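First the proteins, then the strands, lettered A, B, ... as listed; each starts at 1. Just so it is clear, the structure is predicted and the values come from calculations on it, not from any experiment.
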There are 2 protein chains.
Amino acid sequence: MKKYLEILLQCPLFSEIAPENLTVMLTCLGARIEHFDKKYTILAEGNPAKYIGIVLTGSAQMIRVDYYGNRSLLAEIEPTQLFGEAFACAEVSSVPVTIVATEPCDVMLVECDHVLHTCTNHCTFHQQLIFNLMKALAAQNLQFHQKLEITSKRTTREKLMTYLDRQAQKHKSAEFEIPFDRQELADYLEVDRSGLSAEISKLRREGILDCEKNRFILL
Amino acid sequence: MKKYLEILLQCPLFSEIAPENLTVMLTCLGARIEHFDKKYTILAEGNPAKYIGIVLTGSAQMIRVDYYGNRSLLAEIEPTQLFGEAFACAEVSSVPVTIVATEPCDVMLVECDHVLHTCTNHCTFHQQLIFNLMKALAAQNLQFHQKLEITSKRTTREKLMTYLDRQAQKHKSAEFEIPFDRQELADYLEVDRSGLSAEISKLRREGILDCEKNRFILL
DNA sequence: TCAATTCCGTTGAAAATTCAACATACTTTA
DNA sequence: TAAAGTATGTTGAATTTTCAACGGAATTGA
């Protein structure tokens, strides 16, 4: 556990928590760390929504695969970010999404009950944790707004350009790398991969953008 | 203010708040009530995100209209429900959506700062309010998951059927009313209105559903 | 290093969506 | 009550997406 304290202190869930209090707190929360190799499922759809997850190293994705096998990518999850907290806090019986490791991952799982309900010892901490959770949920809400803004566009071109504009804003540069390969980008934009490739080629020919692999330049 | 206490006590934001404490609390929060006629804008895109809104009577919608005038309907907001809380809590500078009244509305606005930051008098209340806000944000998160599940489908038929299935589940009945007219339903599903009408007719002819106005029956 | 696998761009045909226009029924309001 | 306005369904053409299939490039792993 020790080696992750650095990362945990940067996690939004532990914002404003004093380093010296973190260790004892983690045991109180029933925290445990698990490792997942690339492509492994960290949390499968249908499982009980009891845990809040924190990605410590590597990276993961929140995905949903429907009845017909259509895969939709809901969010990229990077170190220090949370997952599963919305379902645990809303007390749904089971999670409606799947979390998969896209790189070898170390993940911390804490029991949501222990976060929300004050225990005998650490009452003051819980208040801060709930506040932090609230902030994290609000931030995730914004992420979904952004995703909805993108996917509400009707054409592949508009979805792609809206996504790339937002990425450029985020990186404060017209040149940036995205965390997706082509199939993942298509799954995030909710479009067909081959159609997306065709559209990217077209935008290149038109001199609107350039790209190599997952590195894009808006011209 | 008095006449709304009943409704306010059922609002998720004031869950577990004792009735006798509510009135004094409202003044402490800088609460004020405003009325909006049908079709009026309650909160316009671009405005500062300082307030948490509560719909007391009537109904409202969260919408976004893009550059080209495409209208997208993000959520229906009914009495006791909140709006704007995600943006206020995430401390974004301005709201990226518009809230409009679909029926004559009474709306309460409270200053988010006053909710989040403990004042001199009512510290114990604030903790409960933050907890309630956290719950509300988690619930709204789920709503967006549901909307994303629907709009991630690739065809109008699949989007419509997924939406109607969820409504049937919600009402625990194959027969139910939806809160949208055809244009609004199209805006929620992110599809063309005329295409939606055509698809509904087709599903009727195939004996899969029946409907009259906004009342649907799944067969 | 070599073989196997994955990733990516291209293509053409089929399917679906969008768009504009119009007719009818319904609602609102003067 | 009549007129104006709104909501809904229908249609056909144009646009766009999806789907399946393929080949070459890049990556992985034995």
Checklist outcome for this item: Hits for ring pair (Phe, Tyr, Trp, His ring centres under 6.0 Å) against B/Phe216, two or more places apart or cross-chain, chain-then-number order -> none

Checklist entry - What residue pairs, at least two apart or across chains, pass ring pair (Phe, Tyr, Trp, His ring centres under 6.0 Å) with a residue in residues 63-106 of chain B? => result A/His145-B/Phe87

Nucleotide N/O to protein N/O under 3.5 Å, stretch nucleotides 16-26 of chain C:
residue : atom : partner  : partner atom : Å
C/dT17  : OP1  : B/Thr156 : N            : 2.3
C/dT17  : OP1  : B/Thr156 : OG1          : 2.8
C/dT18  : OP1  : A/Arg154 : NH1          : 3.4
C/dT18  : OP2  : B/Asp192 : N            : 2.8
C/dC19  : N4   : B/Ser194 : OG           : 3.2
C/dA20  : N6   : B/Ser194 : OG           : 3.4

Item to check | d(CZ, A/Arg204; C1', C/dT10) in whole Å | outcome: 13 Å

Checklist entry - Between A/Glu34 and A/Arg32, is a salt bridge (charged side-chain N to carboxylate O under 4.0 Å, His left out) present by the stated rule, with each step listed? => result CA-CA 7 Å; A/Glu34 293 187 18; A/Arg32 64 173 198 275; 2.9 Å; yes

Item to check | Atom-pair distance (CG on A/Asn214; P on D/dT27), nearest Å | outcome: 11 Å

Item to check | Rounded distance (Å) that lies between atom C1' of C/dC8 and atom CD of A/Glu212 | outcome: 13 Å

Item to check | Between D/dT18 (P) and A/Tyr68 (OH): distance, integer Å | outcome: 16 Å

Checklist entry - Does any pair with a residue in residues 71-82 of chain A pass salt bridge (Lys or Arg N to Asp or Glu O under 4.0 Å), and if so which ones, sequence neighbours excluded? => result A/Arg71-A/Asp187

Item to check | Rounded distance in Å - CZ (B/Arg182) to C1' (D/dT6) | outcome: 14 Å

Item to check | Inter- and intrachain pairs under side chain to side chain donor-acceptor pair (under 3.5 Å), touching residues 205-219 of chain B, at least two apart | outcome: B/Arg157-B/Glu206, B/Glu175-B/Arg215, B/Glu177-B/Arg215, B/Arg204-B/Asp210

Checklist entry - Which pairs, with at least one residue in residues 92-105 of chain A and sequence neighbours excluded, count as a side chain to side chain donor-acceptor pair (under 3.5 Å)? => result A/Ser59-A/Thr102

Checklist entry - What residue pairs, at least two apart or across chains, pass ring pair (Phe, Tyr, Trp, His ring centres under 6.0 Å) with a residue in residues 181-206 of chain A? => result A/Tyr163-A/Tyr188, A/Phe180-A/Tyr188

Next on the checklist: Rounding to 10°, can you tell me the angle the first-five-pair axis of the helix from C/dT1-D/dA30 to C/dA30-D/dT1 makes with its last-five-pair axis?
Outcome noted: 60°

Next on the checklist: Quick test of your reading: applying salt bridge (Lys or Arg N to Asp or Glu O under 4.0 Å), list the pairs with at least one residue in residues 40-51 of chain A, sequence neighbours left out, ordered by first then second residue.
Outcome noted: none

Checklist entry - Which residue, B/Ala198 or B/Glu184, contacts DNA chain D at a nucleotide closer to its 5' end, judged by nearest heavy atom? => result B/Glu184

Checklist entry - Once you round it to whole Å, what is the distance between P of C/dT5 and CD of A/Gln183? => result 19 Å

Item to check | Residue B/Gln169 excluded, over 12 heavy atoms near CD under 6.0 Å | outcome: yes

Next on the checklist: Test: salt bridge (Lys or Arg N to Asp or Glu O under 4.0 Å). Region: residues 82-96 of chain B. Which pairs qualify, not counting sequence neighbours?
Outcome noted: A/Lys135-B/Glu91

Next on the checklist: If I take atom CZ in residue A/Phe180 and atom P in nucleotide C/dC7, what distance separates them, rounded to the nearest angstrom?
Outcome noted: 15 Å

Item to check | Atom pair distance, as rounded to whole Å: CG in A/Leu209 and C1' in C/dG9 | outcome: 15 Å

Item to check | Any residue meeting side-chain hydrogen bond (donor to acceptor under 3.5 Å, both in side chains) with A/Ser173, in chain and number order, not counting sequence neighbours | outcome: none

For nucleotides 28-30 of chain C, tabulate all protein N/O to nucleotide N/O atom pairs closer than 3.5 Å, reporting atom names and distance.
none

